[in-house]
Each structure stands twice: as structure tokens, then as C-alpha cells.
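Nothing fancy with the numbering, it's 1 onward along the sequence. Computed from a prediction, not measured in an experiment: that's the story for all the values here.
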Amino acid sequence: MQVRGLLLLLALILLAATTEAGKNKKAEKAKKDGSKCEDWRWGPCVPNSKDCGLGYREGTCKDESKKLKCKIPCNWKKKFGADCKYKFESWGGCSAQTGLKTRSGILKKALYNAQCEEIVSVTKPCSSKIKSKSKGQFSLLLS
């Protein structure tokens, strides 16, 4: 019984020591890269190569500057910027004149004080493929 109590006490001491060591590391890290400046101005995300993918953004505050890692998505939305997030409606019908369908999006969130348009509109070519019915529906028609 005494051995069990001693092991439990030892485990509690070890747990407290590791928790305290973790707190000290976090405090050191905050002192190392932390700043008392609160009015940071962040620039756009600049990709490391080409026009999308991993990159960095620079921030300035008074006489301090920092670089943060960031990522620009490699898809059609990149023309709005990686820092502008939109809520898009469903795609509209296909225009016979242009061969395009459109939809619009309303700004949901602007990260890092980015300059974003409130409403954006996007287009894409109409699909030339005719969607076939799923196999489940087709089998019902045969029976």
C-alpha cells in the first residue's frame, strides 16, 4: 500500500514539473518573438514561387517588422486574394449568348485587414456534358 502511495506521489510531482516546464517555454517564446506593439499592419501573402502556394506576409508596427508563413490557394478564387473569404450563391443558368454561367459572393471575412470587395462575381464555361441519371434511378425505370 505504501509503494502505491509513493508511486502516485511521484507521478503527481513529475506531472507538475512537466506542466511548469511547458509554461516556462511558452513564456520564453512569447518574450522572444512577442511584441508590445498592438497595431500591426500586414501586407499581402507573397508566394515563394510562381503565383500560388506557400509564401510569407510581412507585417510592420512602428519600427518593428515580422514575417509570417501563409498560403495562397491554387484555384480559381485566387484573383480575390487569399485573405478575402466569400459566401457564394449557387451557379446561375447557362447563358446561350456567352456560353458562361455566373454566380456572386458576399464578403464573409477579411483576414489581416485586407482590402476586399464586398460583392464579387465569377463566371465559368457551361458544361458541354449532359448529366446522366444515376444507376439507382435507371434500375427503377427498367423494372
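Of all the heavy atoms in Tyr56 and Asn48, the pair that sits closest is CD2-OD1, 3.8 Å. Residues Cys126 and Ser95 share a closest heavy-atom pair of SG-N, 4.2 Å. Residues Asp39 and Cys61 come closest through the heavy atom pair O-SG, 3.6 Å. Scanning all heavy atoms of the two residues, the minimum distance from Leu107 to Glu117 falls at CB-O, 3.8 Å. For the pair Pro125 and Lys101, the tightest heavy-atom approach, listed with the atom from each and the gap, is O-CE, 4.3 Å.
Between Trp40 and Asn113, every side-chain heavy-atom pair lies at or beyond the 4.5 Å cut-off. Within the 4.5 Å cutoff, the side chain of Leu68 has heavy atoms near those of the Trp42 side chain. Arg103 has its side chain within reach of Val122: a pair of non-hydrogen atoms, C-beta onward, lies under 4.5 Å apart.
Judged by distance alone, with hydrogens and angles left aside, the side-chain atoms of Arg57 form a donor-acceptor pair with the main-chain N or O of Gly43 at under 3.5 Å. Not a single donor-acceptor pair under 3.5 Å links the side chain of Tyr112 to the backbone N or O of Cys45.
To the nearest 0.5 angstrom, Glu58 atom CD is 10.5 Å from Cys70 atom SG. Note that SG of Cys84 and NZ of Lys108 are 12.5 Å apart. Values are rounded to the nearest 0.5 Å.
Hydrophobic clustering places Phe88 together with Trp91 (ILVMFWY residues linked when any side-chain heavy atoms are closer than 4.5 Å, directly or through intermediates).
By the neighbour-count criterion of 12 heavy atoms within 6.0 Å, atom CG of Leu100 is densely surrounded, having more than that number from other residues, nucleotides or ligands.
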